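No experiment lies behind these values; they were computed from the predicted model shown. Protein chains get the first letters and strands the later ones, always in sequence-line order, with residue 1 at the start of each.
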There are 2 protein chains.
Amino acid sequence: MTTRWLSPEEQRAWRAYIAASALLEDTLDRQLQQEAGLPHLYYSVLATLSEAPDRRLRMTDLAEVLKITRSRLTYAVARLEKDGAVRREDCTWDKRGSIAVLTDDGMALLERTAPGHVETVRRAVFDHLDREQVEQLERICTGITKALQGDGAEAVTADDLPWRRRSCPSS
Amino acid sequence: MTTRWLSPEEQRAWRAYIAASALLEDTLDRQLQQEAGLPHLYYSVLATLSEAPDRRLRMTDLAEVLKITRSRLTYAVARLEKDGAVRREDCTWDKRGSIAVLTDDGMALLERTAPGHVETVRRAVFDHLDREQVEQLERICTGITKALQGDGAEAVTADDLPWRRRSCPSS
DNA sequence: GACACCTGGTTCAACTTTTAAACAATAACT
DNA sequence: AGTTATTGTTTAAAAGTTGAACCAGGTGTC
């Protein structure tokens, strides 16, 4: 089968994306490293936990939301635990399980550093987007995620989690 | 000053972006590692060189286009040189300079692996975007880049390079 | 031209992260 | 009961990243 190359417009968009994402990730990493002493991924772990019911999430769920491997997450949480921002608890209804819990210290760190982070994100991204573009950005990214997530899977975002199977044996 | 938090729409868009970019970078890395034996960044080095006039670019220019530090680039090019995909040449009109040149082997590698890469990008991104969205994506990303690039700087993309100062002493 | 200062690029050592594979424990299915 | 699948961690190796230090060469000034 002959290759379906990118059209010139697509190429431009793709290059713009590559540049922007590299620059953005770099900026976020530096800003957070500076202010919170954490790389972006680690901050995301805390942020995700902070919004979860009861500030706790099972490792696999957390990994799924963040789109990283469990192995990578184990490493990250180990460090966050050492920093005192996260604590691990055993899962009572599934003895294999391990639950990451945001500590008060972690919450405090988050609250202390969130404003700076949000400001960075805003300046980098949202300050120059109109309503329409914000909406498009979401749609575009959701589409990408869906495409990459194996088509059978439902979209998994933080919002889905409170009702997910592993969260709690409420049934 | 009170924090300008993200609106719910912005939050959704931001989370969608975080998820998509993590997943995308991961996918590209794996696909390219598999097919070309290179991570995405390294592939981008080759791709950028392949489009430069005479398939060569000064290190600083290359770093600027790719939005990475010179240090990081030195490391990357060192490996690519060891692989035989890139060769370094001395810059004749500026004796400090070092020029990265895409070798024939590098070009061959690129040509061999480009179809698979493009196919991945297409499936992940462009297959589910319409014309309008492609255009928006470019605009959004260009805006981000501009915002992060220090406002004084002109946008630097591969397209600008043939005419850039360091490329050639044609003046 | 001598001086100071700026740039291009590399090197180094420390560190962090990532990966993949293997593993133990537990759950779930048949 | 006996597989098979999942959860989460561990391990060792490799890779990548960083920042600072550094050299060599350019640029500008007086």
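A/D94 places its CG atom 7 Å from the P atom of D/dG8, with the value rounded to the nearest Å. The distance from atom CD of A/E89 to atom C1' of D/dT7 is 17 Å, rounded to the nearest whole Å. At whole-Å resolution of the value, CG in A/L38 and P in C/dT16 are 12 Å apart. The interatomic distance linking A/Q34 (CD) with D/dT18 (P) rounds to 15 Å, in whole Å. In this structure, CG of B/L73 is placed 13 Å from P of C/dG8, rounded to the nearest angstrom. Atom CH2 in A/W93 sits roughly 12 Å away from atom P in C/dA28 (whole-Å rounding). For the pair A/E81 CD and D/dG8 P, the interatomic distance rounds to 14 Å; values are reported in whole Å. In this structure, A/I99 places its CD1 atom 13 Å from P of D/dT7, rounding to the nearest Å.
Between D/dT17, C/dG9, C/dT16, one nucleotide has an atom nearer to the side chain of A/Y75 than all others, and that is C/dT16. Side-chain atoms of B/Y42 lie closest to D/dG16 of the nucleotides D/dG26, D/dG16, C/dT10. Counting only heavy atoms from C-beta on, A/T60 has its side chain closest to D/dG8 among D/dG8, C/dG8, D/dA15.
Taking CG of A/L102 as the reference point, atom CG of A/D54 lies at 11.0 Å (rounded to 0.5 Å). The structure places NE2 of A/H117 at 6.0 Å from CG of A/L28, a figure rounded to the nearest 0.5 Å. Separation of atoms CZ (A/R87) and CG (A/L49) is listed at 11.0 Å; rounding is to 0.5 Å.
Residues from residues 22-33 of chain B that place a heavy atom under 4.0 Å from any atom of DNA chain D: there are none.
Residues A/R15 and A/Q11 bring a donor and an acceptor atom of their side chains to less than 3.5 Å of each other.
The two residues B/S50 and B/R55 make their nearest non-hydrogen contact at O-CG, 4.2 Å. Closest approach of A/R4 to B/V118, counting heavy atoms only: O-CG1, 3.4 Å.
A/R131 has its side chain out of reach of B/E9: every pair of non-hydrogen atoms, C-beta onward, lies at least 4.5 Å apart.
Phosphate contact (OP1/OP2 of C/dA20, side-chain N/O of A/T69, threshold under 4.0 Å): absent. For C/dT10, one of the phosphate oxygens OP1 or OP2 lies less than 4.0 angstrom from a side-chain nitrogen or oxygen of B/R88.
Residue contacts for B/T74: at a heavy-atom cut-off of 4.0 Å it reaches a base atom on one of the strands shown. In this structure, B/S71 reaches the bases: a heavy-atom distance under 4.0 Å links it to at least one base atom across the strands shown.
Applying the 3.5 Å distance criterion, the base of D/dG8 shares a donor-acceptor pair with the side chain of A/R70. For A/R72 against C/dT18, a side-chain-to-base donor-acceptor contact under 3.5 Å is absent.
Projected onto DNA chain D by closest heavy-atom contact, A/R96 and B/P39 fall at different nucleotides, the more 5' of which corresponds to A/R96. Comparing A/R79 and A/K95 along DNA chain C, the residue whose closest nucleotide (by nearest heavy atom) sits nearer the 5' end is A/R79.
For CG of A/D90, the number of neighbouring non-hydrogen atoms (other residues, nucleotides, ligands) closer than 6.0 Å is 12 at most. Around CG of B/D104, the count of heavy atoms belonging to other residues, nucleotides or ligands within 6.0 Å does not exceed 12.
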| task | Could you walk me through whether A/R122 and B/E10 pass the salt bridge (Lys or Arg N to Asp or Glu O under 4.0 Å) test, one step at a time? | result | CA-CA 9 Å; A/R122 191 172 268 302; B/E10 289 170 331; 3.1 Å; yes
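When the C1' atoms of four end pairs are superposed on the next four at each end of the helix from C/dG1-D/dC30 to C/dT30-D/dA1, using five pairs per end, the two resulting axes differ in direction by 40°, to 10°.
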